[in-house]
Amino acid sequence: MHQKKKLKYDEKDPKSIYEYAKKLIGQSLRDTTSAPDLHKDSHAKTVKGKFGQYLEKYYFEFENNSESRPDFEKIGLELKSNPLKKLRDGKIVAKERIILNIIDYVKIIEEDWEGSHFLSKNQFILFVMYLYEKDKNFLDFLIKYVQSWKIEGKDREIIKQDWEKIVKKIKDGKAHELSEGDTFYLGACRKGWKEGLRKQPNSNIGAPQRAFSFKQKYVNAILTRIKDAEVAIKDISEIEEEGFEGSILNKFNPFKRLEVKEIEEKLNIKLNLKSKNYYATLARRMLGVSKKKIVEFEKADVTMKIIRLRHNELPKESMSFPYFKYKDVAMQDWEESEFHSQLEKKFFLVIYKMNKDETKVRFQKAFFWNIPYEDLQEAKKVWIETKKRINDKNSENLPKKSENKVSHVRPHAKDKSDTDETPYEGEKIKKGFWLNNTYLKEQIDKNGY
DNA sequence: GCATGATCATGC
DNA sequence: GCATGATCATGC
């Protein structure tokens, strides 16, 4: 009897599968597997479908691939790889529709949507999207996106209606009349010709074989959503067990006290240290997110902020907020002000700490934070004083850090010429509200561990 | 070393 | 082209 191979991931654990799958991003099959290059001399187009097969066989090491059950059977997750292409203007789009399961005309008329074979196989998909290039060997195609996907929400309703429309046509004995134009997201596209025509129920006319597919436009819609948003929490069980806050915070545990270089190594990534968003990017990567937006934070309107502490525990910088329009402040009430609404939000603070000569930086802790009520009142004082001075034609002299323990006003502009009009004193350099670094220190000391 | 002024880098 | 988050520079 042959020995079952030990997999590099836990096939019962979605998290483990994602983590393993995500390592594909930015790499090719040649980089990530020891797949034999049997097609050295042939162009990619002659090996259609090979990418998916190789991905399953050499990366995920599937034992055997059952046609009708999801690939990661134990958790009902289907693996789908699909090609992207680059347009002349550089934009990346889906190269083609995504083919799903073949439609069994005879069996499908007995199914209902919720119990359908289609849904059981495709409602939970792990997409591996790679960049197809005409003259490249498929082993060298660059993998751009790896993301799980559920048929849910509005999409699910539309897909359900599409599915029902297709099934109704088959029930009516019109399988031979099916067309992709019948539906919106889910199409019934032709697949294969050599098989000849298939039998259909309720009619003697043979019908060409068809498969369900996500239409190209719909694949692009999926792609767009994958591009600008990614989830940190991969599985509902995490939230159930640890709570929302806990499941986010736990993601940082493995990195506590590590130096940034060590974190990069641990994550097997290489970031540009010189980039100004280096620490923010690193924080997102610790959360398992490689894109700019974090879905959970977007939905909950959580603002992530990075703070670097000096050796003496004092934040190197105060925290900036967007510049204000002098006239807005002059006219508005505190309650309707921008600064007020910004401070009402929940923050997610990621704290790094530098060594004495500031050559090394370690991740220290991360925590959710919102401003305590008393401190919001302090910020209110600063805002009201700012309003007063602008209206008193004294907008050169706005509240300094020494005037309030929580907040102050400072320039926030591109350069001296980047100005905004004051009510009475003409153009002045753009300014914004800041939270004092000394105040932040106090809050950091109180929160997290 | 700190407070404040000034500006950079990125992404939309 | 500009807003935004972040960081640098200067002067006391």
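Convention: sequence-line order gives letters A, B, ...; per-chain numbering from 1.
Taking only side-chain atoms of A/Lys401, from C-beta outward, the nucleotide of C/dT4, B/dT4, C/dA6 with the closest atom is B/dT4. Nearest to the side-chain atoms of A/Arg308 among the listed nucleotides B/dT7, C/dC8, B/dG5 stands C/dC8. Among the nucleotides B/dT4, C/dT7, B/dT7, the one closest to any side-chain atom of A/Ala413 is B/dT7. Here the nucleotide nearest the side chain of A/Ser320, chosen from B/dA6, B/dC2, C/dG5, is C/dG5. Among C/dT4, B/dC2, C/dT7, the nucleotide with an atom closest to any side-chain atom of A/His412 is C/dT4. Across C/dG5, B/dT7, C/dT7, the shortest atom-to-atom separation from the side chain of A/Pro322 is found for C/dG5. Which of C/dC8, C/dA6, B/dA3 sits closest to the side chain of A/Ile306 comes down to C/dA6. Among the nucleotides C/dA3, C/dC8, B/dC2, the one closest to any side-chain atom of A/Asn312 is B/dC2.
Counting to the nearest Å, the C1' atom of B/dA6 and the OH atom of A/Tyr323 are 17 Å from each other. In this structure, A/Met354 places its CE atom 11 Å from C1' of C/dT7, rounding to the nearest Å. Between A/Trp434 atom CH2 and B/dT4 atom P there is a gap of 12 Å when expressed in whole angstrom units. Taking atom CD1 on A/Ile429 and atom C1' on B/dC8, their separation rounds to 14 Å, with Å as the unit. In this structure, A/Lys431 places its NZ atom 17 Å from P of B/dA3, rounding to the nearest Å. Atom CG in A/Leu398 sits roughly 13 Å away from atom C1' in B/dT4 (whole-Å rounding). Rounded to a whole Å, the CZ atom of A/Arg410 is 8 Å from the C1' atom of B/dA3. At whole-Å resolution of the value, CG in A/Leu435 and P in B/dT4 are 15 Å apart.
Under the salt bridge (charged side-chain N to carboxylate O under 4.0 Å, His left out) criterion, A/Lys381 pairs with A/Glu378, sequence neighbours left out. By the ring-ring contact (aromatic ring centres under 6.0 Å, His included) test, A/Tyr58 is found to be paired with A/Tyr54, residues two or more places apart in sequence or in another chain being considered.
Contact check for A/Phe141 versus A/Leu29: no side-chain heavy atoms found under the 4.5 Å cut-off.
Here A/Tyr20 and A/Tyr18 keep their ring centres 6.0 angstrom or further from each other.
Among the protein residues, A/His408 comes within range of no part of the nucleic acid, since none of its heavy atoms lies under 4.0 Å from any strand. If you check every strand for non-hydrogen atoms under 4.0 Å, A/Lys430 touches sugar and phosphate atoms only.
No hydrogens or angles were tested; on distance alone, nothing pairs the side chain of A/Ser402 with the base of B/dA3 as donor and acceptor under 3.5 Å.
Listed pair A/Lys316 / C/dA6 fails the phosphate criterion, with no side-chain N or O lying under 4.0 Å from OP1 or OP2.
When each of A/Ser417 and A/Leu314 is assigned the nucleotide of DNA chain B bearing its nearest heavy atom, the one mapping closer to the 5' terminus is A/Leu314.
Applying the 6.0 Å contact sphere to NZ of A/Lys353 captures more than 12 heavy atoms from other residues, nucleotides or ligands.
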### Message
I'd like to know whether A/Asn447 forms a side-chain hydrogen bond (donor to acceptor under 3.5 Å, both in side chains) with A/Lys365, so could you lay out the CA-CA distance, the side-chain angles of the two residues, the decisive distance to 0.1 Å, and finally the verdict.
### Response
CA-CA 9 Å; A/Asn447 289 277; A/Lys365 64 183 178 184; over 6 Å; no

Just the table, please: protein N/O against nucleotides 10-12 of chain B N/O, every pair under 3.5 Å.
unit_1: B/dT10; atom_1: O3'; unit_2: A/Asn277; atom_2: ND2; d: 3.4

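At a threshold of 4.0 Å, the pair A/Glu421-A/Lys327 counts as salt-bridged, since one of the basic side-chain nitrogens sits closer than that to a carboxylate oxygen. A/Arg389 and A/Glu396 are not joined by a salt bridge, as no carboxylate oxygen comes within less than 4.0 angstrom of a charged side-chain nitrogen.
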